[in-house]
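Accompanying notes for the structure given below.
All values derive from a computational prediction rather than experimental measurement. Positions are given from 1, in the same order as the sequence printed here. Side-chain atoms are counted along with the backbone in the values below, which use heavy atoms only and exclude waters and symmetry mates.
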Amino acid sequence: MLIRTHTCGQLRDAHVGQTVRLNGWVNAYRDHGRLIFIDMRDRTGVSQVVFDPETGAGAAVMEAADRLRNEDVIAAEGTVRVRIGGENPKLATGKVEVVCTKLEVLNKTENPPFLPEDPGAGGKLPNEELRLKHRYIDLRRPRMQQILGVRHKVYQSTRRYFDENGFLEIETPILYKSTPEGAREFLVPSRHLPGNWFALPQSPQLFKQILMVAGVDRYMQICRCFRDEDPRADRQAEFTQVDLEMSFVCRERVMEMMEGFVRRLWKDVAGVDVPAIQRMGYREAMERFGIDRPDTRYGLEIADISEVAARSEVGFFKEALAKGADLPRFNSGRGVVKAIRVPGGAERLTRKITDGYNEFVRGFGAGGCAVVKVNAAGELETGIARLLQSVKAGVVTALGLKPGDTVLFVADVYSTCTKALGELRQAVARDMGLVPRPGAEGGPWNFLIVVDFPMFERDKETGRWIAMHHPFTAPRDDQAEAFVNADPSDAVTIESIVSAGYDIVVNGQEIAGGSIRIHAPRVQSKVFQLLGMTPEQAKEKFSFLLEALSYGAPPHGGIAFGLDRLVMNFVGTGNIRDVIAFPKTQIGQDLMTGAPGPVTEEQLREVHARALVPPRA
């Protein structure tokens with residue numbers, strides 16, 4: 001075999017006159033009669049190879065070259081020369097070509113189901129199912145090779161940064177104990193302990209806390225995590241985290257370390273200098289944007305107009321405001337009226353679009369979305385305009401209305417109203433063309449660190465308390481005593497307790513989440529109590545953690561970055577499957593290998609299990 005001396009993307013002017021060997025795939029074939037041209041491709045790029053009987057290609061080489069087809073695997077030897085016919089500016093190697101004198105066909109290909117080409121402007125890729133079934137061909141595309149290269153850069157930059165800052169990279173178990181951390185787990189039967197099961201880890205949360213108790217001080221891991229949830233555009237059941245933990249720290253120290261990581265990563269991978277990242281409280285984020293991961297690249301902020309609405313003649317405003325009127329202002333059950341001012345919406349948002357917003361907010365539990373437009377004379381018209389005339393001045397002032405605006409109103413209890421408008425704001429931004437389209441290299445990027453989350457929220461179905469982050473998140477320092485002494489039946493107090501959690505957001509997407517952890521057993525026990533666990537149940541599920549905390553646990557905290565989402569941002573894609581070498585489909589299948597698949601009765605007997613239903617395709 002002609003072992004390569006250079007890669008296909010490496011050749012430049014400086015190589016003219018040199019004899020080189022290239023290995024790769026046939027990317028394109030052109031027969032010009034006496035001359036044959038091929039574009040030869042490997043991971044690094046493409047070089048043009050010329051077969052010319054007058055410059056050293058013998059009859060056998062010409063005959064072999066004539067039989068080449070796209071995706072054949074070949075090795076070629078020849079001399080580099082200045083490209084005859086002029087430069088090809090589309091190729092990094094476009095100033096030169098290789099005049100081939102030796103050719104080896106290393107492997108002939110079957111007729112491929114598609115060619116690994118990136119579509120030009122307006123072009124389309126083959127359907128995703130076909131590409132996932134033949135992922136080894138899809139991964140040959142230059143775009144996919146580039147994405148894999150970016151992912152590699154993220155790994156290397158991550159390891160360098162945390163090594164420089166004194167972190168130890170430590171692996172934690174994949175076969176784990178089932179623990180109630182929120183998402184559904186993947187279960188694995190035990191062959192040696194009949195009737196017992198492992199779970200695949202949703203995260204290494206418990207182990208990294210135990211590592212802090214063990215004196216590791218600073219831990220990091222690029223780890224695989226598993227959650228048996230329905231996939232979506234930015235989530236897969238099997239995903240990768242950059243997982244971190246630090247001892248003897250306060251919340252601000254952890255955030256400073258993570259902000260430094262973000263700056264390093266964006267500089268190394270994207271060449272971007274990230275400025276100081278703004279902090280924003282959870283309550284401010286919810287009030288202004290209706291979501292705890294706000295996209296701050298555009299306006300459309302939410303305004304609470306409850307005081308003005310209470311004086312209006314709108315019946316459903318008054319009905320909403322009567323709900324929970326004696327509750328604190330931000331309590332989830334208190335009635336509110338909120339609105340979004342859409343500059344220029346009177347012209348851009350058609351009746352069909354705004355009618356659609358009614359159904360849209362109903363999908364989030366709200367009763368509907370009322371619409372008012374401001375005409376050129378500054379008068380309110382359409383929808384509930386006539387019912388607002390008595391408070392027109394107050395509405396105009398509260399929202400800063402101008403001619404040409406559209407106003408979208410939602411009235412309901414705080415939690416429903418805020419959620420509905422937070423989602424509606426994003427839909428309106430898309431309809432108005434306000435969301436910047438990421439370029440081929442991602443960006444622009446707006447960063448935010450969100451802090452001061454509530455520790456608990458109500459489960460809508462059961463009414464029980466659930467941890468907003470996870471059950472090991474500590475209350476903020478100034479809230480700790482109030483939390484420990486809180487009466488579990490005092491819902492108002494429980495809902496007001498603020499955690500020491502923090503999320504990092506970029507362009508409306510959460511890329512990292514973490515918190516200061518609970519290191520005091522009495523605080524951890526109180527959390528379990530509020531989550532409805534008896535001491536016996538807590539001990540059964542978390543005995544090893546509770547025991548570890550009782551033996552001198554240091555104050556500690558950490559965070560986990562979604563590595564797949566980081567790469568998505570860098571390469572400018574909204575589909576997580578684009579940045580994972582071998583992803584699953586929307587229903588969790590691996591089309592290339594056929595997983596999940598059936599197993600034999602003998603295999604089931606070995607692990608003391610049986611199938612209740614026959615395997616389905």
Side-chain angles (χ1 to χ4, degrees), residues 158-159 161-173 176-177 179 181 201-223 225 241-261 449 451-453 455 467-485 497-504 512-531 535 538-539 541-561:
T158 298
R159 288 193 162 103
Y161 176 81
F162 289 110
D163 180 59
E164 291 168 10
N165 282 282
F167 286 75
L168 300 183
E169 184 168 1
I170 301 174
E171 294 178 343
T172 53
Y176 204 51
K177 181 178 181 179
T179 56
E181 292 183 50
Q202 298 181 40
S203 76
Q205 179 63 48
L206 301 183
F207 282 103
K208 67 181 181 180
Q209 288 193 249
I210 287 175
L211 285 171
M212 296 303 101
V213 179
V216 167
D217 192 74
R218 291 189 175 189
Y219 142 93
M220 71 82 59
Q221 182 184 187
I222 299 176
C223 57
C225 302
Q241 281 186 179
V242 179
D243 199 50
L244 310 151
E245 201 76 10
M246 303 168 66
S247 288
F248 304 109
V249 289
C250 61
R251 183 174 71 172
E252 191 59 35
R253 184 70 186 98
V254 178
M255 291 191 294
E256 286 173 2
M257 182 67 69
M258 298 312 116
E259 183 173 347
F261 172 55
I449 297 179
V451 297
D452 293 343
F453 291 83
M455 277 193 72
M468 183 169 276
H469 266 81
H470 55 60
F472 317 107
T473 298
R476 201 174 63 191
D477 286 347
D478 62 329
Q479 303 268 300
E481 283 304 313
F483 169 66
V484 171
N485 295 324
I497 298 294
V498 174
S499 79
Y502 33 80
D503 286 353
I504 302 179
S515 68
I516 297 299
R517 320 302 187 189
I518 296 169
H519 67 279
R522 69 181 187 131
V523 177
Q524 189 64 74
S525 296
K526 184 62 175 255
V527 170
F528 290 149
Q529 178 190 10
L530 286 172
L531 296 179
K539 186 175 181 179
K541 291 291 185 182
F542 302 108
S543 58
F544 57 101
L545 175 64
L546 295 175
E547 184 175 340
L549 291 176
S550 72
Y551 288 114
H556 58 284
I559 197 167
F561 287 81

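Here the side chains of Leu531 and Pro471 are in contact, with some heavy-atom distance below 4.5 Å. In this structure, the side chains of Asp503 and Ile449 stay at 4.5 Å or more apart for every pair of heavy atoms. Pro555 has its side chain within reach of His519: a pair of non-hydrogen atoms, C-beta onward, lies under 4.5 Å apart. The shortest distance between side-chain heavy atoms of Asp452 and Arg251 falls below 4.5 Å. Side-chain contact between Ile504 and Met258 is present, with heavy atoms from C-beta onward closer than 4.5 Å. Between Phe162 and Val242 there is a side-chain heavy-atom pair separated by less than 4.5 Å. Counting heavy atoms from C-beta on, the side chains of Met246 and Tyr219 never come closer than 4.5 Å. The side-chain heavy atoms of Ile170 and Phe207, taken from C-beta on, include no pair separated by under 4.5 Å.
Ring to ring, Phe261 and Phe561 are close: their centroids are under 6.0 angstrom apart. Checked against a 6.0 Å centroid threshold, the rings of Phe542 and Phe528 count as neighbours.
Within a 6.0 Å sphere centred on CD of Glu171, other residues, nucleotides and ligands contribute 12 heavy atoms or fewer. Crowding of Asn165 atom CG: a count of heavy atoms from other residues, nucleotides or ligands under 6.0 Å exceeding 12.
Using a 4.0 Å cut-off between charged nitrogen and carboxylate oxygen, Arg476 and Glu252 do not count as a salt-bridge pair. Here Glu547 does not pair with Lys539 in a salt bridge; the nearest charged N to carboxylate O distance is not below 4.0 Å.
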Start with the C-alpha gap between Met455 and Leu530, add the side-chain angles, then the distance that decides, and say whether side chain to side chain contact (heavy atoms under 4.5 Å, CB included) holds.
-> CA-CA 11 Å; Met455 277 193 72; Leu530 286 172; over 6 Å; no
Before giving the answer on side chain to side chain contact (heavy atoms under 4.5 Å, CB included), spell out for Met257 and Phe167 the whole-Å C-alpha distance, their side-chain angles and the decisive distance to 0.1 Å.
-> CA-CA 11 Å; Met257 182 67 69; Phe167 286 75; 4.2 Å; yes
Kindly determine whether Ser499 and Gln479 satisfy side chain to side chain contact (heavy atoms under 4.5 Å, CB included), including the steps that lead there.
-> CA-CA 8 Å; Ser499 79; Gln479 303 268 300; over 6 Å; no
May I have the step-by-step check of side chain to side chain contact (heavy atoms under 4.5 Å, CB included) for Lys208 and Arg517, ending in yes or no?
-> CA-CA 11 Å; Lys208 67 181 181 180; Arg517 320 302 187 189; 3.3 Å; yes
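Note that CG of Leu206 and NZ of Lys541 are 12.0 Å apart. Values are rounded to the nearest 0.5 Å. One distance of note links CG of Leu545 with NZ of Lys177; it measures 10.5 Å at 0.5 Å rounding. For the atom pair CD1 (Ile210) and CG (Leu549), the distance works out to 8.0 Å, reported to the nearest 0.5 Å. Rounding to the nearest 0.5 Å gives a distance of 7.5 Å between CD of Gln205 and CG of Asp243. Arg522 contributes atom CZ, which lies 13.0 Å from atom CD of Gln529 (distance to the nearest 0.5 angstrom). Atom CD of Gln209 is separated from atom OG of Ser247 by 10.5 Å, given to the nearest 0.5 angstrom.
Using the six-membered ring where Trp is involved, Phe453 and His469 have ring planes that are perpendicular, over 60° apart on the 30 and 60° scheme.
At a cut-off of 3.5 Å, with distance as the only test, no side-chain donor of Arg218 or His556 sits close to an acceptor on the other residue. Side chains of Gln221 and Thr172: a donor-acceptor N/O pair is present below 3.5 angstrom, by distance only.
Closest approach of Thr473 and Gly501 over heavy atoms only: CG2-N, 4.4 Å. Nearest heavy-atom pair across Ile518 and Val527 is CD1-CG2, 3.6 Å. The minimum heavy-atom distance linking Val213 with Ala553 is given by the pair CG2-CB, 3.7 Å. Listed here is the closest heavy atom pair of Gly514 and Ile559: N-CG1, 3.6 Å. Between Val451 and Tyr502, the shortest heavy-atom contact is CG1-CB, 4.2 Å. Between Pro204 and Cys225, the shortest heavy-atom distance links the atoms CD-SG, 4.2 Å.
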